[in-house]
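Scroll down for the structure; my scribbles are underneath it.
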Number of protein chains: 2
Amino acid sequence: MVKYLYVEIAGALRDDIQKGVYEIHQKLPSETDLANHFSTTRLTIRKAIDLLVKQQVVVRDRNRGTYVLATQSKISSGSSGLVGFTEAAKQFQLDVSTRVLDLRRTIVYPDYVASKLDLAPQEPVWQIERLRMTDGEAMTHEQIYLKQKILPELTAHEAQGSLYRLIEQTVPIGYANQELEAVVLEKGLSDLLETAPGQPAFLAHTVAYSMDGYPILYDNSHYRADKYTFHNILQREH
Amino acid sequence: MVKYLYVEIAGALRDDIQKGVYEIHQKLPSETDLANHFSTTRLTIRKAIDLLVKQQVVVRDRNRGTYVLATQSKISSGSSGLVGFTEAAKQFQLDVSTRVLDLRRTIVYPDYVASKLDLAPQEPVWQIERLRMTDGEAMTHEQIYLKQKILPELTAHEAQGSLYRLIEQTVPIGYANQELEAVVLEKGLSDLLETAPGQPAFLAHTVAYSMDGYPILYDNSHYRADKYTFHNILQREH
DNA sequence: AAGTATTGATTGTATATACAATTTTGATTA
DNA sequence: TAATCAAAATTGTATATACAATCAATACTT
């Protein structure tokens with residue numbers, strides 16, 4: 001999984017931070033020192049630190065040093081494009097795993113699902129409930145409704161990977177409409193997400209459409225707020 | 001103002017894109033070609049392209065090339081966007097009012113503000129704390145840090161309106177970088193927002209940049225989750 | 001003692017070069 | 001023609017090195 005030197009070094013540093021070798025607000029060794037320690041060049045160290053900055057683990061302070069910001073990094077996704085959890089986490093070079101809690105073909109679903117997906121009466125959908133984890137820690141709980149006619153067959157094994165990628169083997173996805181709520185976790189979900197009730201979370205409602213504008217899937221996901229941020233680049237229109 | 005080679009090159013490329021030299025979905029010249037053209041190294045070109053990627057002007061496609069992205073639309077619908085609260089709320093035809101809680105020119109601010117705004121030591125900023133209301137109900141609490149050199153003077157009356165509009169009378173804003181957290185309100189803020197502690201809220205960190213990529217203002221806002229949702233249209237890149 | 005200049009440390013940028021990984025393209029072969 | 005293989009193109013990573021910009025600490029001068 002770990003392929004590149006700078007990713008490995010970033011991981012090593014992050015581990016050290018998590019282990020307390022470097023504490024919050026403490027300064028990391030200088031780039032040259034790190035380069036010597038890891039027997040590499042300063043530029044490779046810089047790339048490693050760049051990654052940690054992107055993950056918001058450290059901050060740079062020009063001419064002074066690099067300081068520890070948090071002991072944990074957050075995954076972040078947003079309008080940078082439509083990516084599922086798998087692809088987002090991969091950009092952070094994290095190890096993704098999935099627990100499929102439920103997978104069934106059904107004609108029983110809430111009204112708003114039928115409405116959002118523009119379903120015919122009795123039209124079957126795949127209902128997929130998954131728990132997504134990075135490095136073994138629960139991050140996201142997903143409740144997905146996918147038009148069955150898009151994917152006639154779907155195995156539990158397939159449901160473990162990137163659904164977007166799977167779907168795009170038959171229907172290219174054009175865009176999605178996402179609405180974000182901030183919520184507080186109730187008992188059931190907090191258990192699944194391995195945290196406490198009352199903790200904040202994002203609730204994202206996403207409808208993915210084909211290029212033609214036909215709805216394909218509806219996704220209702222809870223993201224642990226301590227592990228996830230949404231990130232937008234907003235262009236000013238002049 | 002433009003100091004570094006790679007920033008200049010990024011600007012030149014962005015201009016070319018805007019002028020139509022490179023059109024949407026078109027491929028940029030290869031990095032080696034660009035390096036020759038600008039009489040520099042591939043690594044400098046890469047840093048320039050890195051910047052454009054961060055600004056979402058182009059995307060990389062490994063082993064294939066760098067492609068021009070749609071520089072328009074894609075963002076900021078429904079809510080905050082780079083329109084600021086005033087402009088957003090007006091689209092909903094709501095009656096916006098503002099309570100300026102604090103307005104001061106100061107050289108005392110958190111480290112992360114100095115870092116995000118790339119402030120010189122002792123550089124003065126305007127610190128503006130506002131409560132934004134629609135139809136008399138508290139919606140948003142804003143904590144804004146604005147480089148003083150952008151706006152030498154700022155009255156409490158001016159601070160009641162749209163800051164974005166005010167700023168753009170001197171410096172056009174190019175884009176902003178927004179990060180969303182989901183949080184739970186603590187006592188002080190919940191009082192200001194006229195709700196109860198423990199209620200969920202969005203916490204948005206926004207850094208607004210000039211067209212050249214220089215930071216202008218940092219905004220730390222809490223949005224009542226029961227009154228506000230964030231809405232994105234996500235484009236799938238193919 | 002207080003201010004000033006110097007020096008070292010540290011991050012930021014830039015050049016030059018090489019190899020790796022993968023996609024595309026073109027040539028070769030069955 | 002179709003399939004296979006080889007080469008070229010292109011981005012990604014890595015090493016080595018140098019200088020610039022600025023902060024912090026030290027030494028020096030007044």
Side-chain angles (χ1 to χ4, degrees), chain A residues 1-13 22 25-54 57-69 87 90-93 165 168, chain B residues 1-13 22 25-54 57-69 107 111-112 114-123 212-215 237-238:
Chain A
M1 173 79 185
V2 180
K3 239 164 144 185
Y4 297 114
L5 184 54
Y6 79 95
V7 177
E8 256 181 49
I9 292 175
L13 289 174
Y22 308 114
H25 296 126
Q26 202 184 329
K27 196 162 91 172
L28 290 188
S30 77
E31 294 178 353
T32 32
D33 287 352
L34 287 172
N36 289 331
H37 179 256
F38 286 103
S39 310
T40 179
T41 340
R42 233 191 89 209
L43 229 140
T44 302
I45 297 293
R46 278 185 74 74
K47 288 200 73 171
I49 294 180
D50 280 345
L51 188 60
L52 293 179
V53 168
K54 208 164 82 174
V57 177
V58 300
V59 281
R60 301 193 123 109
D61 198 350
R62 186 170 185 157
N63 309 319
R64 301 222 256 183
T66 306
Y67 293 85
V68 177
L69 192 71
E87 296 168 45
K90 264 195 189 143
Q91 288 181 356
F92 281 82
Q93 273 128 349
R165 195 163 300 175
E168 291 208 318
Chain B
M1 185 86 176
V2 179
K3 239 161 140 184
Y4 297 114
L5 185 54
Y6 79 94
V7 176
E8 257 181 46
I9 291 176
L13 289 174
Y22 307 114
H25 295 128
Q26 200 184 328
K27 197 161 91 172
L28 289 189
S30 78
E31 294 178 353
T32 33
D33 287 352
L34 286 173
N36 289 331
H37 179 256
F38 286 102
S39 312
T40 180
T41 339
R42 232 189 90 209
L43 231 142
T44 303
I45 296 293
R46 277 184 74 73
K47 289 200 73 173
I49 293 181
D50 281 346
L51 188 60
L52 294 179
V53 168
K54 209 163 81 174
V57 178
V58 299
V59 281
R60 298 193 127 106
D61 199 349
R62 186 169 185 156
N63 308 319
R64 300 223 265 181
T66 306
Y67 293 85
V68 177
L69 254 182
I107 57 171
D111 282 348
Y112 59 84
S115 152
K116 295 269 188 192
L117 287 183
D118 202 14
L119 294 176
Q122 311 282 313
E123 184 176 342
D212 304 334
Y214 290 95
E237 290 149 17
H238 288 281

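Side-chain contact between B:V68 and B:V57 is absent, with no heavy-atom pair separated by less than 4.5 Å. Looking at A:V59 and B:Y112, their side chains never come closer than 4.5 Å, going by heavy atoms from C-beta outward.
A:T44 and A:Y6 make their closest contact through O-CB, 3.8 Å (heavy atoms, listed as atom of the first residue, atom of the second, distance). Across all non-hydrogen atoms, the minimal contact from A:E31 to A:I49 is CG-CD1, 4.1 Å.
If you take CG of B:L43 and P of D:dA18, they are 17 Å apart, rounded to a whole angstrom. Taking atom CG of residue B:D50 and atom C1' of nucleotide C:dA14, one finds them 15 Å apart after rounding to whole Å. The CG atom of B:L34 sits 12 Å away from the C1' atom of D:dT10 (whole-angstrom rounding).
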Close N/O contacts between protein and nucleotides 9-12 of chain C (under 3.5 Å):
| residue | atom | partner | partner atom | Å |
| --- | --- | --- | --- | --- |
| C:dT11 | OP2 | A:E31 | N | 2.8 |
| C:dT11 | O4' | A:N63 | N | 3.4 |
| C:dG12 | OP2 | A:R46 | NH1 | 2.8 |
| C:dG12 | OP2 | A:R46 | NH2 | 3.1 |
| C:dG12 | OP2 | A:R60 | NE | 2.8 |
| C:dG12 | N7 | A:R42 | NH2 | 2.6 |
| C:dG12 | O6 | A:R42 | NH1 | 3.0 |

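Distances shown here put every side-chain N or O of B:T40 at or beyond 4.0 Å from the OP1 or OP2 atom of C:dA14. A sub-4.0 Å separation between OP1 or OP2 of C:dT17 and a side-chain N or O of B:T41 is absent.
Checked options A:D33, A:I45, A:V58; the residue passing with A:L28 is A:V58 (criterion: side chain to side chain contact (heavy atoms under 4.5 Å, CB included)).
Note on B:L5: only backbone sugar-phosphate atoms sit closer than 4.0 angstrom, heavy atoms only; bases stay farther off.
Separating the CG atom in A:L34 from the CG atom in A:L13 is a distance of 6.0 Å, to the nearest 0.5 Å.
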